[in-house]
Each structure stands twice: as C-alpha cells, then as structure tokens.
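Remarks on the structure that follows.
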2 protein chains.
Amino acid sequence: MRVSELVRRTGTPLATVKFYLREGLLPAGRATGATQAEYTEEHVRRIAVIRALSDVAGLPLAKIRAILAVVDAPGDDLFAALGAAVGALPPYPSPEDPALPRARAAVERLGLHWDPDYPATGQLERALAAAEAAGLPISDERLEVYGRVLGELAEYDIAGLPPSGGPAVEYAVLGTALYEPVLLALRRLAHEDRARRRLRPPGA
Amino acid sequence: MRVSELVRRTGTPLATVKFYLREGLLPAGRATGATQAEYTEEHVRRIAVIRALSDVAGLPLAKIRAILAVVDAPGDDLFAALGAAVGALPPYPSPEDPALPRARAAVERLGLHWDPDYPATGQLERALAAAEAAGLPISDERLEVYGRVLGELAEYDIAGLPPSGGPAVEYAVLGTALYEPVLLALRRLAHEDRARRRLRPPGA
DNA sequence: AAGATCGGATACCATGACTATCCAACCCGG
DNA sequence: CCGGGTTGGATAGTCATGGTATCCGATCTT
C-alpha cells in the first residue's frame with residue numbers, strides 16, 4: 001500500500017507518519033521509485049504499537065525507540081532482551097545516590113533474586129522512597145502481601161510464555177509494557193467495587 | 001521557617017518553589033509582613049508529595065493540582081473523593097467513541113459492579129483496546145487471572161483503610177497514586193525472578 | 001545604616017511531540 | 001502524452017509543559 005492508505009488505515013495524520021519515519025520508529029517502505037514506496041501490514045501494526053506505547057503506556061518516543069530496537073533485534077537471549085526493555089519503563093531512577101537500601105530490604109524479605117543492576121531494582125527503590133517521602137511508607141506487611149500476589153501473577157505470565165525464539169521476545173517485551181495499564185485499571189476498578197461494598201449504604 | 005529553609009529542607013530550587021506557589025500547588029505561607037511569610041512542616045511534606053506524584057507517578061501538574069484539591073477538601077464522601085482522584089490518573093480515555101465494549105465484557109466476566117461513569121472504566125477500555133490494536137489482545141483466561149489476583153489486592157487495601165474521616169481520604173487518594181509504581185516495580189522484579197529460573201541455565 | 005533576604009511579577013528557555021510548507025519527481029486517467 | 005493530484009524528502013514552525021532567571025522594592029538582621 002502507499003502512504004495515503006497507511007494514513008487511512010491507522011487514522012494517523014500524514015505529518016505524524018512522516019515524523020515517525022524521520023525518527024526511526026517506523027521503518028521506511030520498500031522503494032519502488034525515486035519518490036514512491038510500498039508499505040505493508042507490518043507498518044500498520046507498528047504504528048498501532050507506537051501509539052499504544054505512547055498514548056496508553058505513556059512512554060516518551062526515545063524509550064519507545066529503544067523498546068522497538070529490542071523487538072527488532074532481540075539477540076538470542078530472551079532474558080537480556082527483557083532486561084533492556086524494562087529499562088525503558090518509568091520511573092527512571094535518579095542518577096545520584098546509587099544506594100538501594102529500601103529495594104534491597106524488600107527483595108530479601110520477599111526472597112527474590114537480588115541484582116542491583118536490573119532496572120526494576122532501581123525503579124522499586126525510587127517508588128518506595130517516593131512513597132516514604134510523601135508520608136505513606138509501605139509497611140512490611142503490605143510489601144509481603146503485594147509481593148506474594150504479584151509473584152503469583154508473574155508465575156502465570158512466565159508459564160504462558162511461548163518457547164524461546166522470535167515471537168517470544170516480542171510478546172514478552174511488548175506485553176510487559178502494554179499489560180501494565182490493564183493491571184492498574186483492574187486494580188482501580190476492584191478498589192471501587194470493594195469500596196462501594198464497604199462505604200455505600202447497603203441499599204444504595 | 002522562611003523560604004530559604006524550605007528550599008534547603010526539600011532540595012527544591014527556589015525558582016521551583018515559587019513556581020509551585022504561583023501554580024496553586026503549594027499554599028502560601030502565613031504572611032508576617034508585606035514581604036515575609038512563614039512556612040511549616042506541612043509545606044515540606046506537600047512539596048515531597050508533589051515531587052512524588054510528578055517524578056515517580058508521572059502525573060502532569062494539572063492532574064496533581066486536581067488530586068491535591070480533593071485531598072484538601074474531600075467533602076464527606078470518601079467514595080466520591082476516590083472517584084475524583086482516580087479520574088486524574090492515566091491513561092486518559094479518548095473523548096470520541098464513548099462505547100465501552102471491552103471494559104463491559106471484562107467487568108461482567110469478573111463479576112464487578114458496572115458503572116460506565118467511573119473513570120477506571122474508561123481507563124480499562126483504553127488499555128484493553130491498545131493491547132488489542134498492538135496485536136496482543138488479553139485473553140479471557142488472562143483477564144480472569146488478573147482480575148482475581150488484583151481483587152485480592154484490593155480486598156487487602158480496602159480492609160486496611162482507616163475509618164472514615166479526614167486522614168482516610170488523604171491516605172486512600174495518595175495511596176492509590178503512589179503505590180502503583182511500587183506494584184509495577186514488584187511485578188517486573190517478580191518477572192525477572194521467574195524468568196531467570198526458567199531461562200537461565202540452572203548453574204548460571 | 002547596610003548588606004542579605006524576601007515575596008511578587010515578568011520574562012525567558014528547553015524539551016518533546018508533532019504540524020505545516022515547499023519542492024521536485026512521479027503516477028494515472030483521459 | 002499531458003496535467004492534476006500524490007509522493008518522498010527536507011526545513012521550519014507550533015504548542016504545551018515544566019520549569020529558570022532576573023528585577024524590584026520592601027524588609028529583616030546586625
């Protein structure tokens with residue numbers, strides 16, 4: 001298809017498609033002439049992925065570029081690819097103060113593998129420090145409940161991973177980023193549901 | 001304390017403190033003269049909350065202002081206050097297409113209370129639609145697992161809520177926003193932990 | 001009395017994510 | 001085979017956000 005159809009199919013303005021091409025988020029089409037190129041279904045899907053990561057997951061384009069680079073050239077180490085992708089997700093740890101006291105305590109309490117270089121470790125430290133600074137520290141009990149529950153979830157996610165190979169990486173990398181908003185929305189809805197039961201008069 | 005000490009205590013530049021005052025995020029200090037004001041511990045904490053919501057939860061200042069307004073004047077309906085606060089959280093539903101087919105199906109499958117006006121409903125629709133458009137639709141089975149697990153989590157959160165009143169609102173509203181990054185970081189760490197077991201050679 | 005600090009107002013700036021224009025080469029229907 | 005509409009590519013402009021910087025006259029401190 002030509003670019004006009006890509007625009008029509010995705011609902012993205014032409015100027016934006018050109019912008020994504022310039023920025024290297026969208027691969028160029030197969031050139032069929034000096035001023036003509038052919039796009040495919042892959043391009044349609046790629047634009048949907050970019051928009052999902054940008055609008056819903058809220059990632060900046062620079063991080064989206066990094067994630068797409070991993071998806072495009074995953075190497076043969078799924079574990080390393082996952083690590084690279086998680087590094088593109090917020091919150092981004094502050095460069096100063098490389099100590100990770102809260103994260104370390106949490107990881108040990110939950111019996112997880114400790115790896116200070118894994119991006120999620122810094123993200124956990126930052127999230128715990130922010131909650132604490134705001135006056136709502138996470139209690140040990142809450143941490144244990146959260147850790148147990150999310151461990152269950154991770155168990156399910158990893159068990160369902162397709163066997164190693166090309167599609168597994170894409171699935172795991174994009175799923176990490178795209179399912180998080182679903183998780184958060186479900187938690188908020190569950191809060192509403194439980195809060196309604198507890199706070200609303202029974203007949204309301 | 002005077003503004004210089006507020007700056008020192010929070011590590012926030014003076015220009016930024018003034019900016020927060022201008023934007024109405026930080027209440028003015030008690031004026032002790034035409035060009036002098038007195039700040040309190042409340043101001044120190046408020047700045048920590050603003051920075052946490054901005055840097056870690058990633059909320060734009062306009063939404064932070066809305067959340068702080070709820071915290072400052074919660075009214076007497078904790079449930080309504082929670083709803084208002086959740087409305088300030090991303091992803092922000094698209095204005096067009098007010099139909100919520102995916103969210104409705106999900107809510108019914110999980111046996112939750114259906115309320116199309118609750119902000120989290122639109123957020124769920126948007127998150128499910130984005131995952132689908134990107135080629136990674138959430139299966140019914142996955143939805144059920146996520147729903148069950150997050151329901152457990154919500155049960156714990158709501159059970160631990162202090163009885164109605166002033167502090168309960170602040171706790172619930174800020175907790176919703178500030179604990180989410182902790183949840184995500186824990187999930188990513190749990191993924192790492194489980195993926196390591198499955199993908200790394202046992203001796204590595 | 002004098003140097004530092006303060007609150008308040010105004011102006012400026014950097015980044016991110018587009019958006020608009022222009023141009024010359026093209027393709028396609030008549 | 002020609003002319004209007006598309007295309008790719010380049011360049012410049014725009015808008016929102018989240019700050020910074022400067023200036024000022026009043027005031028506090030010593």
Side-chain angles (χ1 to χ4, degrees), chain A residues 1-40 43 46-68 88 90-92 94-95, chain B residues 1-40 43 46-68 88 90-92 94-95:
Chain A
M1 72 191 77
R2 279 155 301 171
V3 85
S4 59
E5 192 177 346
L6 192 59
V7 163
R8 196 181 49 71
R9 288 276 303 277
T10 62
T12 311
L14 172 62
T16 304
V17 171
K18 286 183 166 189
F19 173 69
Y20 290 159
L21 285 166
R22 272 203 309 285
E23 293 291 305
L25 294 167
L26 190 64
R30 186 176 53 85
T32 64
T35 70
Q36 225 74 11
E38 186 71 11
Y39 300 90
T40 68
H43 290 88
R46 175 67 77 117
I47 289 180
V49 170
I50 294 170
R51 297 229 73 105
L53 291 176
S54 172
D55 298 350
V56 177
L59 302 184
L61 294 189
K63 300 297 182 177
I64 295 178
R65 191 186 298 111
I67 288 182
L68 292 177
Y92 310 115
S94 49
Chain B
M1 71 192 79
R2 280 155 302 174
V3 84
S4 59
E5 193 177 345
L6 192 59
V7 164
R8 197 181 48 72
R9 287 277 302 279
T10 61
T12 312
L14 173 61
T16 303
V17 171
K18 286 183 167 189
F19 173 68
Y20 290 159
L21 285 166
R22 273 205 307 285
E23 293 292 304
L25 294 167
L26 189 64
R30 185 177 52 86
T32 64
T35 68
Q36 224 76 10
E38 186 72 11
Y39 300 90
T40 68
H43 290 89
R46 175 67 77 118
I47 290 180
V49 170
I50 294 170
R51 296 229 75 105
L53 290 176
S54 172
D55 299 351
V56 178
L59 302 184
L61 294 188
K63 301 296 183 178
I64 295 177
R65 191 187 297 112
I67 289 182
L68 292 177
Y92 310 115
S94 49

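In what follows, chains carry the letters A, B, and so on, assigned in the order in which the sequence lines appear, proteins first and then strands, with residues in each chain numbered from 1.
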- Task: Decide yes or no on side-chain contact (heavy atoms from CB on, under 4.5 Å) for Glu23(A) and Ile64(A), but give the supporting numbers first.
- Result: CA-CA 11 Å; Glu23(A) 293 291 305; Ile64(A) 295 178; over 6 Å; no
- Item | Worked verdict on Leu6(B) versus Arg9(B) for side-chain contact (heavy atoms from CB on, under 4.5 Å) | CA-CA 5 Å; Leu6(B) 192 59; Arg9(B) 287 277 302 279; 5.7 Å; no
- Task: Could you walk me through whether Tyr20(A) and Leu61(A) pass side-chain contact (heavy atoms from CB on, under 4.5 Å), step by step?
- Result: CA-CA 9 Å; Tyr20(A) 290 159; Leu61(A) 294 189; 4.3 Å; yes
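If you measure from atom CD1 of Ile64(A) to atom C1' of dA17(C), you get 11 Å, rounded to the nearest angstrom. We find that CG of Leu6(B) is positioned 11 Å from P of dC6(C), with the value rounded to whole Å. Residue Ile50(B) contributes atom CD1, which lies 16 Å from atom C1' of dT17(D) at whole-angstrom precision. Note: CD (Glu23(A)) to C1' (dT11(D)) measures 14 Å, nearest angstrom. Remark: P of dG19(D) and CD1 of Ile47(B) are 12 Å apart, rounded to the nearest angstrom. Between His43(B) atom NE2 and dC6(C) atom C1' the separation is 15 Å, expressed in whole Å. Distance, Met1(B) CE to dC6(C) P: 13 Å, rounded to whole Å. Taking atom CG on Leu26(B) and atom P on dG19(D), their separation rounds to 13 Å, with Å as the unit.
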- Query: Taking protein heavy atoms under 4.0 Å as touching, what does nucleotides 18-30 of chain C look like 5' to 3' if B marks base contact, S marks sugar-phosphate-only contact and - marks none?
  - Reply: BB-----BSS---
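Taking the side chain as every heavy atom from C-beta outward, Leu68(B) and Arg46(B) approach each other to under 4.5 Å. You'll find the side chain of His43(A) stays beyond 4.5 Å of the side chain of Ile47(A), heavy atoms only.
Under 4.0 angstrom from either OP1 or OP2 of dC6(C) there lies no side-chain N or O belonging to Tyr39(B).
Between Val3(B) and Leu59(A), the residue whose closest nucleotide on DNA chain C is further toward the 5' end is Val3(B).
Salt bridge status for Glu5(A) with Arg8(A): present, with a side-chain N to carboxylate O gap under 4.0 Å.
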